[in-house]
**Q** 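Can you keep this structure in mind? I'll have questions shortly.
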Amino acid sequence: MSRKPQPAEPGDRARIEVVFDRPQLLGTVFGQYDQNLVAIENVLGVYISARGNKLQIEGEASAIARARDVLTGLYNRVVHGEEIDAGSVAAIISMSAEPTLDGIIRHQDSEQPPVMIRTRKKTIVPRSPTQIRYMEALVRNDVIFALGPAGTGKTYLAVAQAVSQLISGSVDRLILSRPAVEAGERLGFLPGDMKEKVDPYLRPLYDALYDCLPAEQVERRIASGEIEIAPIAFMRGRTLADSFIILDEAQNTTPAQMKMFLTRFGMNSRMVVCGDPRQVDLPDPSKSGLADAVARLEGVESIATVRFNVGDVVRHPIVGRIVEAYEGPDSAPR
C-alpha cells in the first residue's frame, strides 16, 4: 500500500491493530486497488496500513473505533458470502456513526445479522439507519407508510419482504399497485390491450421483482395469479386476504382512492404504502391521498410511518446530491 500516514499531533491521535483469521478474504474487503480502504480513510480521516492478516489504523480515537467496526463489518459480510460494493461500504461507514447499530454493522461470524431479508437471488441487509427501522416495521406492523425521496429503498425493500413472505408461505399472494396518473386521457392512445397500456407505469415494480426472483419464477407466479401487478383502479370492490399488498407512488392518489385502497385490507395480510410527498403529479398537489392518510392514521395501533430523507439515498452518491440540490439538505418528507 503506497498511501502515507498523515502527520500526527501529540495527544491527538492513537493507533490500534486489527487481526483477521482469513487473510485470503482481505483482497475482497479492501476492494480493487484498495478502493474500500481509501473510502474509509477519506470519510473517517484515518490512515490504514496492512501487512498479512493484520491492519493498523491510526487517527483520532473515535475515528479509529469506527474504522475498526467498518472493517470488521465488511470482513464478516465477505465471510457470509455477501457482495461488497461501493454502496455497501458507504452504508456501513454511515451506520458506524450510530452506536446503537454496532451489532448490525459488525455482523459477528457466530450469528446472522439481526435485520435482513432473504430472497431467492440474494440476502438483503440494511444500508442506512432508517432502512433498519423500515425493515423492522415490515415484520412487525400490519400497515406501513414509507415516505421519502427517490433512491432510499422504499419500494425495493417492500417488494423484497413481500417476495420473502411469498416464498416462505406466510402469504399466498403478492399484489403490487400504483396509480397511472401520468396516463390520463392519453392512455387510450397507447398501443395494445389494457395490460400493455399500463405496464410502462408499473415497470419499477417489475424491476424490483426480477431482482429478487429468477425471471422464470416471476413469469410463472404472475401467470398463476400468485403475483398480481395492476393499477389502483383495479382494486375497487375487492377484499385482499392472505396477501402482501404494496402501493407505490402513493402521493399520486386522491384521498378517495387512498381510502378505497386501504379498506381492501383483509385477514392475514400486510400492506405497504410508498411515496414521496414532495413529488405529487396531481393537478392539485394539496389533494394528495398520501398526505391525507398519514395525517389521519399516524399513531394508530399496528400502523407504522417511516420517513426517509436525502441521507438515506442508497443509489449512486450523485442521486443524493441531486435530491439535496432540488429539495435542500434536510429534505425529510412531511
Side-chain angles (χ1 to χ4, degrees), residues 1-116 125-133 135 309-314 316-318 320-321 324 329-330:
M1 298 175 66
S2 60
R3 301 182 307 282
K4 297 185 181 299
Q6 300 296 320
E9 298 179 13
D12 187 41
R13 300 174 72 85
R15 179 182 298 161
I16 62 173
E17 185 176 84
V18 185
V19 180
F20 295 100
D21 297 333
R22 298 166 65 177
Q24 68 272 22
L25 301 180
L26 293 181
T28 304
V29 174
F30 296 170
Q32 190 174 24
Y33 304 118
D34 295 337
Q35 62 184 9
N36 297 342
L37 297 187
V38 172
I40 296 169
E41 290 179 326
N42 289 342
V43 175
L44 300 182
V46 298
Y47 170 72
I48 304 170
S49 60
R51 176 170 295 181
N53 66 333
K54 298 178 181 179
L55 269 69
Q56 283 197 343
I57 310 171
E58 181 184 346
E60 294 183 0
S62 59
I64 63 174
R66 286 181 62 186
R68 176 202 60 210
D69 290 345
V70 170
L71 287 163
T72 303
L74 292 173
Y75 174 80
N76 285 317
R77 280 161 171 72
V78 174
V79 168
H80 285 93
E82 298 172 19
E83 294 183 0
I84 299 298
D85 57 21
S88 58
V89 174
I92 296 174
I93 293 173
S94 175
M95 288 193 291
S96 70
E98 300 275 347
T100 57
L101 304 180
D102 179 67
I104 294 171
I105 298 164
R106 300 188 70 180
H107 180 353
Q108 297 300 316
D109 286 325
S110 60
E111 58 184 79
Q112 295 294 335
V115 181
M116 64 179 179
V125 295
R127 290 194 168 196
S128 75
T130 309
Q131 282 197 357
I132 293 170
R133 293 192 291 272
M135 291 168 72
N309 58 40
V310 65
D312 297 305
V313 172
V314 293
H316 192 286
I318 199 170
R321 294 194 287 271
E324 183 175 339
D330 301 316

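Computed over heavy atoms, backbone and side chain alike; hydrogens, waters and symmetry mates excluded.
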**Q** Could you list the residues that satisfy side chain to side chain contact (heavy atoms under 4.5 Å, CB included) with Asn42, not counting sequence neighbours?
**A**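 Scan of Asn42 (side chain to side chain contact (heavy atoms under 4.5 Å, CB included), adjacent residues dropped) gives Val38.
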
**Q** I would like to know whether Arg127 and Ile92 meet side chain to side chain contact (heavy atoms under 4.5 Å, CB included); could you show each step before the answer?
**A** CA-CA 7 Å; Arg127 290 194 168 196; Ile92 296 174; over 6 Å; no

**Q** Using the rule given for side chain to side chain contact (heavy atoms under 4.5 Å, CB included), can you reason through Ile57 versus Tyr47, listing the C-alpha separation, both sets of side-chain angles and the distance that settles it, and then say yes or no?
**A** CA-CA 6 Å; Ile57 310 171; Tyr47 170 72; over 6 Å; no

**Q** Answer whether the closest heavy-atom distance between the side chains of Arg22 and Val79 falls below 4.5 Å.
**A**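 Answer yes - side chains close enough.
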
**Q** With a 4.5 Å cut-off on side-chain heavy atoms, are Glu17 and Val19 touching?
**A**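 Yes - at least one pair of side-chain heavy atoms lies under 4.5 Å apart.
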
**Q** Just to verify, what does Val78 make a side chain to side chain contact (heavy atoms under 4.5 Å, CB included) with, not counting sequence neighbours?
**A**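 Val78 satisfies side chain to side chain contact (heavy atoms under 4.5 Å, CB included) with Leu25, Thr28, Val29, Ile84 only.
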
**Q** Calculate, to the nearest 0.5 Å, the distance between atoms CG and CZ belonging to Leu44 and Arg68 respectively.
**A**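 Rounded to the nearest 0.5 Å, the CG-CZ separation comes to 12.0 Å.
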
**Q** Rounded to the nearest 0.5 Å, what's the gap from CG on Leu37 to CZ on Phe30? Could you check?
**A**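 Result: 5.0 Å between the selected atoms.
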
**Q** Under a 4.5 Å cut-off applied to non-hydrogen side-chain atoms, are Ile48 and Ile40 in contact?
**A**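 Side chain of Ile48 against side chain of Ile40, heavy atoms only: contact under 4.5 Å found.
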
**Q** Please round to the nearest 0.5 Å and tell me the distance separating atom CG of Asn36 and atom CG of Leu71.
**A**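 That separation rounds to 9.0 Å.
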
**Q** Can you tell me how far CD of Glu41 sits from OG of Ser49, rounded to the nearest 0.5 angstrom?
**A**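 Ser49 atom OG to Glu41 atom CD measures 9.0 Å (nearest 0.5 Å).
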
**Q** Below 4.5 Å, heavy atoms only, C-beta onward: do Val89 and Asp85 meet side chain to side chain?
**A**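 In short, these two side chains do not touch, never coming nearer than 4.5 Å.
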
**Q** Which atom names give the shortest non-hydrogen contact between Gly59 and Ile64, and what distance separates them?
**A**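 Taking Gly59 first and Ile64 second, the nearest heavy atoms are N-CG2, 3.3 Å.
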
**Q** Go through Glu58 and Ile16 one step at a time and tell me if the side chain to side chain contact (heavy atoms under 4.5 Å, CB included) criterion holds.
**A** CA-CA 7 Å; Glu58 181 184 346; Ile16 62 173; over 6 Å; no

**Q** Would you call Leu26 and Tyr75 a side-chain contact if the rule is heavy atoms closer than 4.5 Å?
**A**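 The answer is yes, as the side chains (C-beta and beyond) meet within the 4.5 Å cut-off.
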
**Q** Arg133: what forms a salt bridge (charged side-chain N to carboxylate O under 4.0 Å, His left out) with it, not counting sequence neighbours?
**A**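 For Arg133, no residue satisfies salt bridge (charged side-chain N to carboxylate O under 4.0 Å, His left out) once neighbours in sequence are set aside.
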
**Q** Measure the shortest side-chain to side-chain distance between Arg66 and Ile93 over non-hydrogen atoms and say whether it is less than 4.5 angstrom.
**A**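 Yes, their side chains come closer than 4.5 Å.
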
